[in-house]
Each structure stands twice: as C-alpha cells, then as structure tokens.
Amino acid sequence: MAQLPARFRTESQRYAVEDVPFSVPAASEVADLSNLINKLLAARDEEHKHVEFDFLVNGQFLRVPLVAHMEMENIPTEEVVEIEYVEKYMAPQPEECIFHDDWISSVQATEEWILTGSYDQTARIWSLEGKSVMTIAGHTEVVKDVAWVKQDSLSCLLLSASMDQTILLWEWNVERNKVKALHCCRGHAGSVDSIAVDCTRTRFCSGSWDKMLKIWSAVPTDEEDEMEEAANRPRKKQKTEQLGLTRTPLTTLSGHTEAISSVLWSDTEEICSASWDHTIKLWDAETGGLKSTLTGNKVFNSVSYSPLCRRLASGSTDRHIRLWDPRSRDGSLVLLSLTSHTGWVTSVKWSPTHEHQLISGSLDNIVKLWDTRSCKAPLYDLAAHEDKVLCVDWTEAGLLLSGGADNKLYCYKYPAIASDVGA
Amino acid sequence: CAEPSGASRPGAAPAPRPCWETGASEPRRRPAGGAAAAPAASGGGGSGRVDCPSLSCPAFVSPSGTQGCICVELCVLHHPHAAFLSTLPQDIRNTVGNIPMEWYQDFPHIGYDLEGKKIYKPIRNKDELDKFLEKMENPDYWRTVQDKMTGADIKLTDEQVDLVHRLQKGQFGDVHFDPYEPAIDFFSHEVMIHPVTNRPADKRSFIPSLIEKEKVSKLVHAIKMGWIKPRKPKEDTPTYYDLWAHEDPNSILGRHKMHVPAPKMKLPGHEESYNPPPEYLPSEEEKLAWEQQEPAERKLNFVPRQYRCLRAVPAYSRFIHERFERCLDLYLCPRQRKMRVNVDPEDLIPKLPKPRDLQPFPTTQALVYRGHSSLVRCLSICPGGQWLVSGSDDCTVRFWEVSTARCMKTLPLAGVVKSISWNPNPTICLVAIAVEQSVLLVNPSLGDKLLYGATDQLLESYVAPEEERVQPVQWVAATTEEHGKGIRLVVQHSRPVKQVTWHGKGDYFASVLADNSNMQVLIHQTSKRWSQNPFRKSKGLVQCVLFHPIRPYFFVATQRYVRVYNLLKQELTKKLMTNCKWVSSMAIHPGGDNIICGSYDSKLAWFDLDLSTRPYQLLRHHKKALRSVAFHKHYPLFASGSDDGSVIVCHGMVYNDLLQNPLLVPVKVLKGHALTWDLGVLDVLFHPTQPWVFSSGADGTVRLFT
C-alpha cells in the first residue's frame, strides 16, 4: 500500500505530538488517522483516554480517503503534507422541545431565557429548561421578529416586531414576572420583518416589507413622540393608548427596491440589510448613507455576520448558503457556496464563538450545522422538524435553537469546541 | 501459243519428261544408246528427278485435263528425244536449238543438222484439193502430225496414240503407275528405333561457330559503346481527342452533363411467372376486388395466372398496350434535371437560445400552500407580492403569506368561487370575488393599515345619486355580519358570474355571465357603483374578457375569436382568429401589444397585435386542455397550466424594435400537481416582482415554483 509523508500539527497543547514526519497509508481515512494519533498519545502518556479527532488538510476537512482528498485539492503527494487535527466536534445533543400554539417565526436566546415570536400574535419567554415564563400579547398581527435589548437580574428590555407594522418595546420585570409595553414604534407602512439591536444596546434598526430601513432609539423614556397624521385616526389611536408611548424613528434609510427581509448591525455604525431585490446593502448608521451593495441573483431570506471571521452568510430562495466578504471593494464576490439543502434557506446564523461554524434552517425541514472548512457537506444534519424551519439561533453558551412551522422549538446543546468543555 | 516452244526447253519443262521416260517409252529408249546420253547434254538439271515420279506427275496432271492434254501432245511431237524419232532411217537432227521457228520462215531450210548441212524444208506444194483428197483417202491422216523442227510429216504409232488418249483423259502416261499406293511416312512423329539417316553429325554442329562469335562480339561491343540502344517499349495507350474538353459547362450544350437516364422498366417478379408460387395467385375475392378497382389504382395491371406448362401460355394480349405505355413513359419522362436547393431540415429550425441562458425563470417547487379541501379554481396576488388569494370549490377564499405559505385568513362564502381578482392598483386593497350570481368586493385587511383603511373610507364615501338609475345589476352594501368578514359590497347579477377582472387603474372591473343573451359582459365602476352592458348583441359565448393595461381597449374572447373593442370610440377594432376550437383563457403582455390565448384543444396562441390578426405562433406543448395562461409583469416570461398537471414556463421576449419578432422559447416544465378527476392545473399566476410562478390545482393545493 502506498505511503504518504505527513506531519501532524494541532493547536491544542494537550494533544500535541512530535513534529516529525510520519509515513501514513495513502488510503487512510479519518478513523485510521485518529487511531494513529491516539496511539502516539498513549505511548507518551499512560493515562490518555481515547479521543476522536478530525483532520484538516489545507484548511479543508478530511471526509474521503487522504489520497482522494489530496487529488481533489491538487496537493502534491511527493512533499510532506501538513495535517492539522482538532478534537472531533461532538454531535449536538437534543435538549428540549418546546411546544407553541402556532408557527414560530423568530427566536432569540440569552444565557437564561429564550424569547420566541409566534404566528399567534404573541411573543413568549421561556426558561432554558423549556418552561413557559411569560406570554407577551399585544400585537394585533403575527409577530415576525423578536430581540433582547437589555438584561438585568431585575428587569429586561425586549423588542417584538409584527406584521401590524409596529415594533413594541417591552419591559419585563423578572421578579414580579410582569411585562409592560413601554413604547410602540410606529412608522413602517408594512409588515416589520426583522429587527436588530446594536452593540451599545441603545439603538435598534428594523427592516420592513415597505422597503424601508429605520433606526430607532431603544432607550425607554417617558415622552411620547408626535405622530403627524394621528389626528384622523381615531380608532388606531385608541389602540396606541393601550400599548405604551408612541415612538418615531430616528432615521429612515431608503434604497431597497423590494421588501427587506433581514437586518443586522455588523459594526457599531454599520447596518447590513438583505432584501428581496437580490441585494445586501451596507449602510452607515451615523450618516444614513449607503456604503456598498452586494448583488446576488436570488431573493435573500436571511443574513448573518460573524465578527470572528468577518464574513456575511446569506440564505436565499435557492438551495445555497453563500458567504460574502462585506469589505471587498472589487465587486461583490461570493466567497463560498454551501450547498446541501433542498429547499429555500430561511435562516442562517454564525456561531458566536467559532469562526468557522454556522447553522442554517431551510424549508426542507432540516437544520444543518456547517463548518466552512468543509463546504461540500455539513458537519451535522438536525432533522427533527416536521415542517418548514423558519428561524435558528446560536447562543454563546453553545445552545442551538430552531423553530418552525410545526410549532416546535428544538434546543440542542452543542459544545462549540470539545476541548474547551474539557478544559 | 508460246507454250509448245517453252515446253521444249530442257530446264523449263523437266516435269513431264519422266512421264514417258519412266513409262511406256522406257523399254524402247534403252536400245537407242545414243539417245540416252542426249538428255544429259541438252538439259542436265532435270535428270535428278527421274526417280521420283510420285512427286512430279500428280502435280502436272491435276490442273485441268484440256491444257495438260495439249501440252503433252506438243511435247511429244517436238521433243528431240521422242521415241518415235529413233525409228527414222536417218537421224535428222536440227541443231538450231530452242528458237522460234518463224525465224526460218523465209528461208528454204529450216535449220542445220549435226554435220552443219542445211536441212531443207520438205516441199509443200499440195493445194487444198490435194489436202482434201489425202484427208479422205489416207486412213492414217488422223494420226499424222508435222514436225516443226524438220517440217516432216510423222505418223504416230498406236502406243503414241494411246499415250495421247490417256493424257487427254487426265490419266497417267504410264499404264502401270498406281497413284494410290500406300504412302510411307518416313518423317512421322513416331520415334523410330533406327535413325532415318545414319549419317554422323557434322563437325560444325559441335564446334562453336567463329562467325557467330564474331557477330556476337560485335553486337556486344556496339551495346557497350552505346550504339545500340534497347528497344523502347511500345506505348499501347490509345490516343484520342476529348471533343468536349473546352466546352463551357454553363452553355446549353453542357446539357449532356445533366443527362437524365430514361426510367427503367420494372423487373419482372414472381407474379409474372407462368407458374407463380401459390402466394402470388389471387384468391377469388382478390380477383373480384381487382376487377372493381379503377385501372389506375390497381397494384398490378394483370392478374397472375397459373399454366400447366410454358407451352400452354397463350399469346400475351396486352403486349401492344404495354409497348404503348412504355412509349408514353419514355415520352413523358423528364428531360432535364430540375435544380433543387438541398436544405437540411434541421437548418430551417430557428436557432433558439439555450434555456440556461435565459435565466431567471422558475425551476423548482419551493412551497406548497395546503388548506383547501377541494379544487382551487382561481388565484390572485396583491400588487406588492406579499399576499396570495385563492378561491376554491370548498366555498372558501384563503389568503396566504407568499413567503411562508401561511394561511392568514379564510373567508367562507355561500358558493363555489369561480373567479377572483385582486385590485391591481397598489393604493387600493380590494379583492373582487365571483361567487354564484354575485361579485363580492372584499377588503382583506392585509398589508398596510393605511391602505386598507383608505380603501374602506373610499368605499364609504360613496354618495348615492338623487335619481334612480336603471342598472342591469344591483349594488348592495354588505350587512354587518358580512362586513366583519371583510365583505364591503355585493354586486348581484341575474346570472351566475364566470369571471371577474379589474382594469389596471382599479376603478372599473368587468364580469362575465354564463348566459347566451347580450347580457354576457358587464362593466362596473366601483367608485360610482354604476354598471353597464357594453354590447347590444351577443357575438357568441364569451369565455373571458380582459382590459388593456395601458390603452382603452377591451378584449372579449369567444369560443373561436378574440374581439378587441375600443372603449372610447365604442367600436370593434380588431378580430383575432385564434385557430383554436375553444378558447379557455387569455392574458396580455404588460406592453400591451401581445396576447396569448390558451385553448381547450391544448394549444397556446401568441398574437402580435401589430403583426396580424392570426397567431404569430401556436405552441402545442401541453398534452391536454389548457386552463390558464399568464404573463409576468417584468420578466419576459409566460406560463400555461393544463389538465395534464404541468405548468410550462416559456421565455417570451418582446423587443422594442418593431422589426424584430418576439422570441418564444419554452424553458421549463413544472410538475407537482396530482391529477384529480382528470383535472390538473386550474390557474397559473406570476409573482409581480420575482420570477416565481404560482399554480393552483385540482388536488386542493397551490404551489409556488421558484
């Protein structure tokens, strides 16, 4: 059997082996290499326990026999090939399945609480154990997006955007478990599909079906902003009185020619918006100007930004997840396409802790966990949903959340890097 | 006659001599010893052949009896060695030799004898009387001859007379000669044990010849010096002249190049045999059928018959006829080749671009809108593209969120929903629904609150005019209960409503009634709640109607024709012939100059209104009846839904350049709907902004293809 010269390298000091070239069988697969490393470690340390490893050659995960991989990647087999190994990522462990009354349109979780928006016109707060803590009712239409603004031990601020064209800012008193609508943000002329809070927790932006992107203040006050045409709307005014003080946008950014499906803050002063007009636009929140436009050829459903790798991931109405570099000036190039879904990708979310990993939900009922180093196939398929997946989230604590049209919110425990858990 | 004198020469006539020397005269000659030496002295060359009579005599006799006879006679008379001369008492021998005796005609002598004395001519003084008397009296006269050499008369003996007689008869002079002796073939092909001659071989036969050696060496020298050259091989290629080498191929005389061979006659087959195989013999029915056929239609112009043997075959009665037909064939056969352009039929097909170059168009099924329990007849979408409305046979209308397939609202109605149409004006939120005998105007309360509030205000702001107007329909405001469901106005017709469609501005809408009278099409104005019947006469069963998107035109599709009316001038502008049996649906290009018509005979006709009143193209892609056709508002796409359960999306590019015809390319067949009660797709609809197509099916689903 043909042998290949290989050198093994790792980032984690615990599992480091000697930096000498080994001769490994050309046809060896991941399991063979993993056994080899384990034997080396066992020879050095008596108390070593068996650990599964994953291997990267030239920054790509090894999924086929080594020689086939090198042939595919055009790596010369004569030279010593450098193989990086990492501890194998554990499969996400299913934790909770939280039942809702209706479709789940959005989810956002913190270390303690999970906030979901649902098609039954309510937003709900759940504990991590899956216990319903609070039901926030107030919208007259489907809640399309939710967001946490601030979290204290006593009270939390949270936002809910709805198809009834308003965004409500709620204050949730944790101790007394009371919720109160502080402000009703009016100004959109269509269903508000997406909201995002900036990193200073004082502002948030919203994207709507009416093609507008609006920036609002997230600081609760006692004053009510004046609505210009409030006079001839007696019926609506009655409603607003019930739901807190009216608030108007700080800035309105117009430029999209179709509905905005997803917004986010990519920096303190930079907003990124994905739209149905096949573009992702980057805005300067300070000046309200358009910074750059990334043009695709399909409707964008969702966009996510990772400050770790500074990449945008977009899910669109085809099967692909595309990665973009928002800073590239030489045209809007798609860096990478991750293709495995069979339906629209409705939602994507980068890992907050790992620069290579992201999660995506699709209309084909499957949530997929990706590593950008293995673009041909996802790391794991989470096929629990029985209907369309509409939203996914990934918390810093390593909790994966996905909600969909089967009224269920699935939670998975996923140690982002296994070695961290062990450390 | 010169022959007698020539014959007397020893060299010239050697052959006859042996005839008598070897024959009868031989015994008499021998006693005359002097005579025997004479031949050797006078002509020695001939003596060698005396022994060989068999070789010479037949050759002499054979030519002709008469001539040979005379020769022999004269030879006998003149020969100096003739046997009878020896019988004379004295040997008078003339020594003048072989000369013409006329030379001595004027002399008294006739020559000289051996001693040199003159031989005088005998006296010839007998006159004619004497000659006659002698002839009569002398009994030997017939055997007396004159010797020219001496002039003396000689009386032939009996032997000589016999000899003359024999020679005259063509017999051999020698009585005893047998010409038919068996021939002995000495030099036969058979190898004999003894040689014919035992002569030893010459010395020269085994000594190389010096002369030849010399000759050969001369030749060899000449070859070496190059004086003799080997003989050139003869070129045996025939030389001829190409008569037409310099002929102009384009001239009329170049016609021979276009020679058309005469048609060949058909080769005889088994059926023409006198004893054809049984399968070639017609049965009685076939014979009868043959007789009843027209002569021109017959496959064979004769009936195959069987005969016992070839001899029993009668004369062919059609021979002249057949010759005549053959002559006709030759007479009528083409004389000149017709120049035809050879075109590959593939080249005639227009080069269509590949579908993948015509992106974007819907390719895959993305969403299924489930909820209806019966077939979904009609679809409509809000101008913004956020909401979809569908009407079904389960007597409900459902409103869907396009992006998630979420059913936002369900509106139960009194009857089957036949047609549904969302107001195309983006500032009005109103849906017209045709249910049984009424058209409902429904505010779905979806989308912008300001919009649907404004719509309600617009409807409420109506002030009824003072005088009562006579209208073909009744406009009724919704009851409170209906108002809660969203229904704002009910337009009650006298007949079931088949179709409802909005004008592009959103104020007028037209409804089609299932009726035969002139009350088939009504045009309604929402803001004034005013309806009118635009047509005085019924022109046929109206299938569907359509407003022009820009100009004040109104399209009315009957079963076979589409009529275009100008609403301002109130006149018929155009009548389009669809070439279809039964038009089912119609859609207009957003530019307004092109129309597509779907028909129940599974054809889709594209009309270019500027081009012609006939279809620019007829597309027959579907296998079953077309139920619905649709144009996209922005993308160059159109779609057709059919009973075969498929939606066919075509690229239909209309160019601004009037000289360029529209480009129609079928790009995708979308399948997904299950066939239910032999019905497939009932309605197709494009998303207003995205290249997506919706289709509603008899299986109770609405599907989105992207």
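Every chain is numbered from 1 and lettered A, B, ... according to where its sequence line falls, protein lines coming before strand lines.
Side-chain contact between Trp276(A) and Gln386(B) is absent, with no heavy-atom pair separated by less than 4.5 Å. For the pair Gln690(B) and Lys298(A), the minimum side-chain heavy-atom distance is 4.5 Å or more. In this structure, Thr404(B) and Trp344(A) have side chains that are not in contact, with every pair of non-hydrogen atoms separated by 4.5 Å or more.
There is no contact between Gln365(B) and chain A, counting heavy-atom distances below 4.5 Å. Within the 4.5 angstrom heavy-atom criterion, only side-chain atoms of Leu367(B), from C-beta onward, approach chain A. For a residue to count as touching a neighbouring chain, one of its non-hydrogen atoms must lie under 4.5 Å from one of that chain's; by this rule Thr364(B) does not touch chain A. Both the backbone and the side chain of Trp103(A) come within less than 4.5 Å of a heavy atom of chain B. With a threshold of 4.5 angstrom between heavy atoms, Asn301(A) does not approach chain B through any atom at all.
Environment of NZ in Lys528(B): sparse, with no more than 12 heavy atoms of neighbouring residues, nucleotides or ligands closer than 6.0 Å. For Lys671(B), the NZ atom is loosely surrounded, since the number of other residues' heavy atoms within 6.0 Å does not exceed 12. More than 12 heavy atoms of other residues, nucleotides or ligands lie within 6.0 Å of CZ in Arg529(B), so this atom counts as buried by the packing criterion.
Considering only heavy-atom pairs separated by less than 4.5 Å from chain A, the leading option among Ser403(B), Pro691(B), Pro360(B) is Ser403(B).
Classification of Arg406(B) and Asp102(A) as a salt-bridged pair holds, one side-chain N sitting under 4.0 Å from a carboxylate O.
Annotation: salt bridge (Lys or Arg N to Asp or Glu O under 4.0 Å) contacts involving residues 691-706 of chain B, sequence neighbours excluded, comprise Asp699(B)-Arg703(B).
In this structure, Ser445(B) and Glu141(A) approach most closely via the heavy-atom pair O-OE2, 4.4 Å.
Interatomic distance, CD of Glu401(B) versus OH of Tyr119(A), reported as 4.0 Å (0.5 Å rounding).
A search for side-chain contact (heavy atoms from CB on, under 4.5 Å) contacts involving Thr135(A) returns Thr122(A), Arg124(A), Ser132(A), not counting sequence neighbours.
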